[in-house]
Visitor: 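Just dropping this structure here.
Treat the numbers as computed from the prediction; the structure is a model and nothing was measured. Per chain, numbering begins at 1; letters A, B, ... match sequence-line order.
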Protein chains: 2
Amino acid sequence: MTGPVLRDWQSVRAEVLRRIHVRDWKPGDLIPNEADLASEFGCARSTVNRALRDIAQSGLLDRRRKAGTRVASNPVARATLSIPVMREEIEGVGRKYGYQLLSRSTEIPPVAESAAMQLTPDDALLHIRALHLADDRPFALENRWIDPGVVPGVTDAPLENISANEWLLQNAPYTHGEIAFSATVAQASDAPLLGCDTGAPLFVTERLTWDGTRAVTRVRILFPPGYQMRTAL
Amino acid sequence: MTGPVLRDWQSVRAEVLRRIHVRDWKPGDLIPNEADLASEFGCARSTVNRALRDIAQSGLLDRRRKAGTRVASNPVARATLSIPVMREEIEGVGRKYGYQLLSRSTEIPPVAESAAMQLTPDDALLHIRALHLADDRPFALENRWIDPGVVPGVTDAPLENISANEWLLQNAPYTHGEIAFSATVAQASDAPLLGCDTGAPLFVTERLTWDGTRAVTRVRILFPPGYQMRTAL
DNA sequence: AGAATTATTATGTGCATACATAAAATCAGC
DNA sequence: GCTGATTTTATGTATGCACATAATAATTCT
């Protein structure tokens with residue numbers, strides 16, 4: 001039963017995945033330890049380690065010291081979403097990107113915003129509304145609040161030509177963020193901009209990014225009916 | 001400039017991230033090569049390699065052989081979505097999970113389904129409609145098609161008690177899949193089940209899973225207004 | 001000059017070894 | 001029996017070395 005020698009970690013990964021797939025190792029099962037697998041495959045333990053670590057990262061294996069490695073019984077599917085800059089998302093599918101700044105002003109935001117950003121309700125923020133176009137048709141409507149106290153240069157940023165997201169990525173550091181996806185219906189004010197009817201279903205993404213303990217920006221983007229966010233599993 | 005010695009890869013990662021963050025290394029910049037960093041940090045090159053690989057995986061660094069490693073100029077944000085089984089999603093936030101099988105029958109699916117699953121339009125599939133409940137209130141409405149030719153045991157599966165997803169995870173292997181998220185409005189037929197009004201905005205997830213070249217199952221899940229899918233960035 | 005060839009270089013990987021660490025399993029003491 | 005200390009063990013990681021590979025840079029040839 002000395003199968004072909006598996007020298008590289010990707011082959012080891014493939015073989016382990018195969019065994020899981022054909023149910024040699026069933027959900028919940030404990031699989032042999034790294035040392036045994038290494039000697040079976042004819043490679044170093046570190047190679048097996050790399051392969052198993054990679055699989056574990058995808059959620060298909062559970063690894064715990066001393067307890068060993070077992071096949072996840074409820075493999076929490078983990079999908080990695082790439083969230084590119086709007087321009088790349090559009091140009092990536094061969095369409096022409098367009099950008100249109102609708103408004104830009106410094107205002108006191110609604111309490112919902114200042115609360116989410118953990119600011120006092122009377123802090124003024126830079127408010128930006130913009131439309132992203134694909135082949136000259138509405139692709140997404142952006143509604144963004146930026147704290148100029150955290151991002152000093154914003155007030156002079158050339159946001160007529162470059163989207164706020166792109167400018168911020170280049171100019172404002174951040175440490176972490178949160179994203180939420182949901183659905184809503186088109187308001188009468190937004191519908192014409194998105195080229196849809198009032199009441200039409202819109203896909204919404206909301207992002208809040210932080211630099212340490214300070215909120216940098218909060219953005220809500222509305223996508224017209226038909227938009228899908230897709231990813232591989 | 002012999003800072004504190006950084007021995008482990010997580011410290012190295014933290015330090016590299018810090019330098020990116022404080023713009024020592026700006027978007028687009030080429031950073032020193034692994035060997036140099038290793039000697040600066042006082043650790044082995046493989047340790048630096050591990051750290052940089054990890055950062056690159058998150059999208060913040062671009063690495064190419066010979067060309068070197070540079071800070072991504074448009075850091076494509078990569079969010080990892082965990083898509084647990086519905087029961088765990090609900091119990092995970094401390095609510096009581098409930099499951100209710102609405103209907104189960106073998107039918108010829110609409111062409112949209114059979115096309116997506118790459119089947120001939122006259123193949124009969126198992127059709128399941130079910131409601132997931134959180135604290136006895138509607139949480140999600142599931143509409144699923146399963147190819148019994150690919151999953152032999154399904155026709156006898158006890159889908160009154162266990163959700164199809166859980167049963168399939170335990171009993172039907174798959175190799176890969178696709179997910180799409182979108183928005184729609186509640187149909188008159190679905191609204192009462194979801195406890196919302198007709199025309200209310202619904203969040204939709206659609207999943208299609210494959211076992212090699214054969215489609216296993218396709219599911220469309222509707223979430224009532226207010227539902228958000230969240231993740232960290 | 002332009003094309004084809006060769007050298008150089010940074011990352012990618014494999015391996016053997018050593019030690020660290022978490023957690024299960026066992027044992028000691030009451 | 002139960003509790004707490006101790007041992008065992010599987011994974012986690014660091015290291016130095018070697019070689020593979022991709023892609024750029026330099027060189028040679030026509």
Visitor: For C:dC15, take OP1 and OP2 only and decide whether either is under 4.0 Å from a side-chain N or O of A:Thr47.
Guide: yes

Visitor: At what angle, to 10 degrees, do the two end axes of the helix from C:dA1-D:dT30 to C:dC30-D:dG1 meet, given five pairs define each axis?
Guide: 0°

Visitor: Looking only at non-hydrogen atoms, find the nearest pair between A:Pro224 and A:Pro138 and report the distance.
Guide: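 Here A:Pro224 and A:Pro138 meet closest at CG-O, 4.0 Å.
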
Visitor: Taking only residues two or more places apart in sequence or in another chain, which ones pass salt bridge (charged side-chain N to carboxylate O under 4.0 Å, His left out) with A:Asp54?
Guide: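 Only A:Arg13 meet the salt bridge (charged side-chain N to carboxylate O under 4.0 Å, His left out) criterion with A:Asp54.
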
Visitor: With a 3.5 Å distance limit and no angle check, can you tell me whether A:Asp135 reaches the backbone of A:Lys96 through a side-chain donor-acceptor pair?
Guide: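 Yes, because the side chain of A:Asp135 sits within donor-acceptor range (under 3.5 Å) of the backbone of A:Lys96.
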
Visitor: One character per nucleotide, please: for nucleotides 18-27 of chain C, 5' to 3', B when the base has a protein heavy atom closer than 4.0 Å, S when only the sugar-phosphate does, - otherwise.
Guide: B--BSBB---

Visitor: Quick one: side chains of residues 226-233 of chain A, donor-acceptor pairs under 3.5 Å with protein atoms, not counting sequence neighbours, listed by atom name and distance.
Guide:
unit_1   : atom_1 : unit_2   : atom_2 : d
A:Tyr227 : OH     : A:Glu89  : OE2    : 2.8
A:Gln228 : OE1    : A:Arg230 : NE     : 3.3
A:Gln228 : OE1    : A:Arg230 : NH2    : 3.0
A:Gln228 : NE2    : B:Glu206 : OE1    : 3.1
A:Thr231 : OG1    : A:Thr80  : O      : 3.1

Visitor: A:Ser39: which residues meet the side-chain hydrogen bond (donor to acceptor under 3.5 Å, both in side chains) condition with it, sequence neighbours left out?
Guide: none

Visitor: Tell me, which pairs form a salt bridge (Lys or Arg N to Asp or Glu O under 4.0 Å) where one or both residues lie in residues 30-39 of chain A, sequence neighbours left out?
Guide: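 Applying salt bridge (Lys or Arg N to Asp or Glu O under 4.0 Å) to every pair that reaches into residues 30-39 of chain A, excluding sequence neighbours, yields A:Glu34-A:Arg45, A:Glu34-A:Arg63.
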
Visitor: Heavy atoms only: give me the nearest A:Val154-A:Arg104 pair and the separation to one decimal.
Guide: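 Closest pair (atom of A:Val154, atom of A:Arg104, distance): O-NH2, 3.5 Å.
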
Visitor: Name every residue in residues 23-38 of chain B that has at least one heavy atom under 4.0 Å from any atom of DNA chain D, in order of residue number, or write none if there are no such residues.
Guide: none

Visitor: Within a 6.0 Å radius of atom CZ on B:Arg7, are there more than 12 heavy atoms belonging to other residues, nucleotides or ligands?
Guide: no

Visitor: Can you name the residues that form a salt bridge (charged side-chain N to carboxylate O under 4.0 Å, His left out) with A:Asp156, not counting sequence neighbours?
Guide: none

Visitor: Just checking A:Ser46: base, sugar-phosphate only, or nothing, at a heavy-atom cut-off of under 4.0 Å?
Guide: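 If one applies the 4.0 Å heavy-atom cut-off, A:Ser46 turns out to touch a base.
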
Visitor: Provide the closest heavy-atom pair for A:Pro148 versus A:Leu126 in the form atom of the first, atom of the second, distance.
Guide: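 Heavy atoms of A:Pro148 and A:Leu126 come nearest at CD-N, 4.1 Å.
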
Visitor: Tell me whether the side-chain N/O atoms of A:Gln10 come closer than 4.0 Å to OP1 or OP2 in C:dG12.
Guide: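 Answer is no, no contact under 4.0 Å.
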
Visitor: Any idea which heavy atoms bring B:Val12 and B:Ala51 closest together, and the distance?
Guide: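 That closest heavy-atom pairing would be CG1-CB, 3.6 Å.
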
Visitor: Please say whether the positively charged group of A:Arg50, taken as NZ for Lys or CZ for Arg, lies over the ring of A:Trp9, i.e. under 6.0 angstrom from the six-membered ring centre and within 45 degrees of the axis.
Guide: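 Verdict for A:Trp9: a cation-pi partner in A:Arg50.
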
Visitor: At a heavy-atom distance below 4.0 Å, which nucleotide of DNA chain D is the first touched by chain B, and which is the last?
Guide: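 Footprint of chain B along DNA chain D, 5' to 3': D:dT13 to D:dT24.
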
Visitor: So if I take residues 48-62 of chain B and measure heavy-atom distances to DNA chain D, which residues fall below 4.0 Å?
Guide: B:Arg50

Visitor: Does CZ in A:Arg23 sit with more than 12 non-hydrogen atoms of other residues, nucleotides or ligands closer than 6.0 Å?
Guide: yes

Visitor: With sequence neighbours excluded, give me every ring pair (Phe, Tyr, Trp, His ring centres under 6.0 Å) pair touching residues 45-82 of chain B.
Guide: none

Visitor: For residues 208-215 of chain A, run the donor-acceptor check on the side chains, cut-off 3.5 Å, and write out each pair with its distance to 0.1 Å, sequence neighbours left out.
Guide:
unit_1   : atom_1 : unit_2   : atom_2 : d
A:Trp210 : NE1    : A:Glu178 : OE2    : 3.0
A:Asp211 : OD1    : B:His21  : NE2    : 2.6

